[in-house]
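Throughout, protein chains are lettered first and strands after them, A, B, ... in sequence-line order, and every chain is numbered starting at 1. Being a predicted model, the structure only gives us computed values, none of them experimental.
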Amino acid sequence: MTNFDRRMLFILPALLLYLTFSIYPLMKGVSLSLTDFSGVGEATWVGLENYKTIFADAKYTKVLTNTFIYGFVVVVFQNGIGLMFAAFLNELPGVRNFLRTALLVPSMLSLVIAGYIWQYLYAPMGGGINELLAMIGLSNLQSVWLGDSSIALFSVAGVHVWMFVGYSTAIFLAGYAGISTELRDAARIDGVSPFKRFLHLDIPLLAPAITVNITLATIGTLKSFEFPYIMTLGGPDNATMTMGLKIFLLLFQEFKFGMAAALSVLMILAVAIVAMVQNSYLRSREDRL
Amino acid sequence: MLTVKAKKYVYSTLMIAVGFVMLTPVFFMISMSLRTRREIMLDPLGLPKTINLDNYGSVMEGMNYAQSMFNTVMITLLTIICVSIIASLAAYPLARIRNKVSNFVYIFITLGLVIPPFAGLTPLYLFMRDLGLLNSHVGLIIVYTVANLPLGVFFYTSFMKSIPIELEEAARLDGASFLKTYWYIILPMLKPITGTLALFVTLTVWNDIVNPMLFLTDDSKFTIMTAVLRFLGTYNVDPTQLFPAAVLASAPLLIFFLLLSKQIVAGMSAGAVKS
């Protein structure tokens with residue numbers, strides 16, 4: 001080792017801390033997911049039993065479908081609306097910076113605080129939304145936003161979109177800033193309609209921003225549990241029980257640590273799959289360009 | 001047919017209206033926090049008639065505001081210091097040395113960016129218990145430091161790649177050790193990205209409730225969001241408690257954001273799109 005660069009030693013503090021407090025617990029978590037550990041006494045090996053339960057027990061399959069619907073709705077609307085806002089703001093330099101900041105304000109509240117505010121706004125009596133609907137003469141649209149199991153999940157997802165749409169907008173705007181103005185001007189002069197320019201020029205060139213946004217939104221929805229925890233506790237009738245919340249409740253209330261670990265492992269797999277699909281899809285896109 | 005200019009006015013006005021609608025819940029929070037229970041009963045959506053701060057007093061006491069705010073700020077600052085030093089120290093070789101080990105370590109650590117934190121939570125709890133670090137801020141600072149290391153390593157490594165190497169080489173020629181080069185040459189140049197990193201660390205520490213709930217047992221050691229949760233409980237719709245607590249807990253971060261919004265937005269976007 002004559003040419004060993006001593007700077008490599010500088011990696012050690014970070015690497016050791018990461019291995020000890022992040023990777024080691026993670027590995028232990030994977031092995032815990034194969035047991036029925038409940039906090040006290042010895043953990044009994046149960047093999048893949050926890051995973052079987054998750055995919056067979058209706059209580060858990062509901063959690064999986066809820067999480068999928070919640071994630072899908074948030075990813076689509078947060079990024080769809082964010083992209084639309086960014087497309088408009090990119091053409092409006094006069095108000096761009098002001099609105100980018102304004103739209104980011106909700107994401108600076110904490111999930112806990114936003115959850116409390118919206119739980120009040122959604123309240124059936126005296127809550128902001130139903131009162132507002134009554135005031136503008138749309139009483140027939142009044143709903144029990146968080147108490148009706150057919151809409152509760154969407155009500156919660158709406159808060160998520162509200163909170164983070166500004167974040168997506170900011171990232172898309174940064175993507176727009178990276179697109180050469182010559183290219184967009186050339187298309188405009190050639191008489192390409194704004195909508196076609198958006199579809200065939202902006203969207204392909206915004207690909208990196210789209211990946212970042214979709215990845216961030218996916219991870220964000222998967223691990224967040226604060227909204228359903230504060231607003232509904234997973235109810236009514238488990239309609240808003242998401243993966244993050246279920247893990248949280250398994251850890252803090254039901255003390256089924258093996259089960260919680262199994263759900264967490266599935267969550268990691270879900271994130272890994274989304275990241276991989278995106279990566280390969282984007283690679284092939286970039287190759288075609 | 002509208003002229004281009006007129007169109008821009010229409011769209012600008014429309015977007016400003018959208019912005020106001022988006023901010024309505026925030027204005028609502030502030031407005032409600034100043035109203036008495038009677039006012040709210042009579043007119044659920046009205047504006048405060050007077051500036052009434054009575055609600056704030058009892059809420060501040062109930063959520064042990066000064067203490068939990070102090071805890072949060074202290075934990076945040078110490079975490080920022082630990083993360084920025086440990087991560088930038090690692091980023092120095094990771095950005096400057098190109099070999100298989102360095103590449104592997106970089107990918108291995110940055111993978112931590114996409115691992116949701118739940119999986120290792122129970123083992124981490126047992127581990128911290130064995131180390132005697134439960135119910136202590138030190139334990140929590142370690143947890144937060146490690147949780148933010150991947151982000152720190154990612155930010156610092158990509159930032160360092162964009163700064164010229166000449167200065168370091170000059171320092172080396174003058175006989176400075178690697179550690180001295182890091183401390184006197186590299187670290188000062190990392191200030192801009194440290195600001196962005198600090199924001200992200202602040203947001204994670206400020207907003208987290210899982211780790212404090214898991215690792216802390218004394219109310220007096222709670223962070224601000226945990227104190228809010230303890231005070232309000234779940235499903236609390238008493239506006240005279242809810243809104244002052246929400247304002248008190250979010251005000252420091254909101255003010256900080258509005259003061260530094262330009263730098264924050266720039267840093268956020270740079271970090272996100274570069275990858």
Segment of Ile268(A) engaging chain B (4.5 angstrom heavy-atom cut-off): both
Looking only at heavy atoms and a cut-off of under 4.5 Å, which of Met135(A), Glu131(A), Lys223(A) has the most pairs with chain B? Glu131(A)
Any donor-acceptor N/O pair, Lys8(B) side chain to Gly94(A) backbone, under 3.5 Å: no
At what distance, to the nearest 0.5 angstrom, does OG of Ser102(B) lie from CG of Asp5(A)? 10.0 Å
Please classify the contact of Leu222(A) with chain B as side chain, backbone, both or neither, using a heavy-atom distance under 4.5 Å. neither
Name the region of Ala246(B), side chain, backbone, both or neither, that has any atom closer than 4.5 Å to a heavy atom of chain A. both
Please report the shortest heavy-atom distance between Gly19(B) and Leu103(A), naming the atom on each side. CA-CD2, 4.4 Å
For Ala102(A) and Leu23(B), the nearest pair of non-hydrogen atoms, with its separation, is O-CD2, 3.4 Å
Checking Phe85(A) against chain B: side chain, backbone, both or neither under 4.5 Å from a heavy atom? both
Need one label for Leu248(B): side chain, backbone, both or neither, based on atoms under 4.5 Å from any heavy atom in chain A. neither
Per-residue contact mode, Leu124(B) against chain A (heavy atom under 4.5 angstrom): both
Relative to chain A, which segment of Leu253(B) carries a heavy atom at a distance below 4.5 Å: side chain, backbone, both, or neither? side chain
Closest non-hydrogen atoms of Met225(B) and Val112(A), given as atom of the first, atom of the second and distance, are SD-CB, 4.1 Å
Let me know if Ser31(A) has heavy atoms under 4.5 Å from chain B in its side chain, its backbone, both or neither. neither
In terms of heavy-atom proximity below 4.5 Å to chain B, should Leu263(A) be classed as side chain, backbone, both, or neither? neither
Geometric class of the Phe178(B)/Phe10(A) ring pair [parallel <30°, tilted 30-60°, perpendicular >60°]: perpendicular
Should Tyr11(B) and Glu91(A) count as side-chain neighbours, where that means a heavy-atom distance under 4.5 Å? no
The interface call for Leu132(A) against chain B, heavy-atom contacts under 4.5 Å, is both
For Ile142(B), which atoms come within 4.5 Å of any heavy atom of chain A: side chain, backbone, both, or neither? side chain
Please report the interatomic distance OG(Ser12(B)) to CG(Leu92(A)), rounded to the nearest 0.5 Å. 4.0 Å
Of the backbone (N, CA, C, O) and the side chain (C-beta and beyond), which part of Leu173(A) lies under 4.5 Å from a heavy atom of chain B, both, or neither? neither
Between Phe108(B) and Tyr18(A), how do the two ring planes meet: parallel, tilted or perpendicular, split at 30° and 60°? perpendicular
Any sub-3.5 Å donor-acceptor pair from Tyr120(A)'s side-chain atoms to Phe243(B)'s backbone N or O? no
Quick check on Val165(A) against chain B: is it the side chain, the backbone, both or neither that has a heavy atom closer than 4.5 Å? side chain
Counting only heavy atoms closer than 4.5 Å, note whether Met128(B) contacts chain A via side chain, backbone, both or neither. side chain
Which region of Val105(B), side chain (C-beta onward) or backbone (N, CA, C, O), has a non-hydrogen atom less than 4.5 Å from a non-hydrogen atom of chain A, or is it both or neither? side chain
Yes or no on side-chain contact (heavy atoms from CB on, under 4.5 Å) for Phe257(A) and Tyr125(B), after CA distance, side-chain angles and deciding distance? CA-CA 11 Å; Phe257(A) 296 114; Tyr125(B) 176 82; over 6 Å; no
Looking only at heavy atoms, which two atoms of Pro13(A) and Leu89(B) are closest? And how far apart? CG-CD2, 4.3 Å
Ile224(B), Ile109(B), Leu254(B): which one forms the most heavy-atom pairs within less than 4.5 Å of chain A? Ile109(B)
Using a 4.5 Å cut-off on heavy atoms from C-beta on, say whether the side chain of Gln119(A) contacts that of Leu242(B). yes
Do the rings of Phe21(A) and Phe127(B) sit parallel, tilted or perpendicular, given the 30° and 60° boundaries? tilted
Does any heavy atom of chain B fall under 4.5 Å from the side chain of Val271(A), the backbone, both, or neither of them? side chain
side-chain contact (heavy atoms from CB on, under 4.5 Å) between Met8(A) and Asn99(B), intermediate numbers included: CA-CA 10 Å; Met8(A) 289 301 277; Asn99(B) 60 29; 4.1 Å; yes
Using non-hydrogen atoms only, which part of Leu17(A) is less than 4.5 Å away from chain B: side chain, backbone, both, or neither? both
With distance as the sole test, does Trp162(A) use its side chain to make a donor-acceptor pair with the main-chain N or O of Met22(B) at under 3.5 Å? yes
Relative to chain B, which segment of Met27(A) carries a heavy atom at a distance below 4.5 Å: side chain, backbone, both, or neither? neither
By a 4.5 Å heavy-atom criterion (distance strictly below it), what part of Leu179(B) contacts chain A: side chain, backbone, both, or neither? both
Shortest non-hydrogen separation from Pro93(B) to Arg7(A) and the atoms involved: CG-O, 3.2 Å
Non-hydrogen atoms of Ala249(B) and Ile113(A) that approach each other most closely: CB-CD1, 3.7 Å
Where does Leu251(A) contact chain B at under 4.5 Å (heavy atoms): side chain, backbone, both or neither? side chain
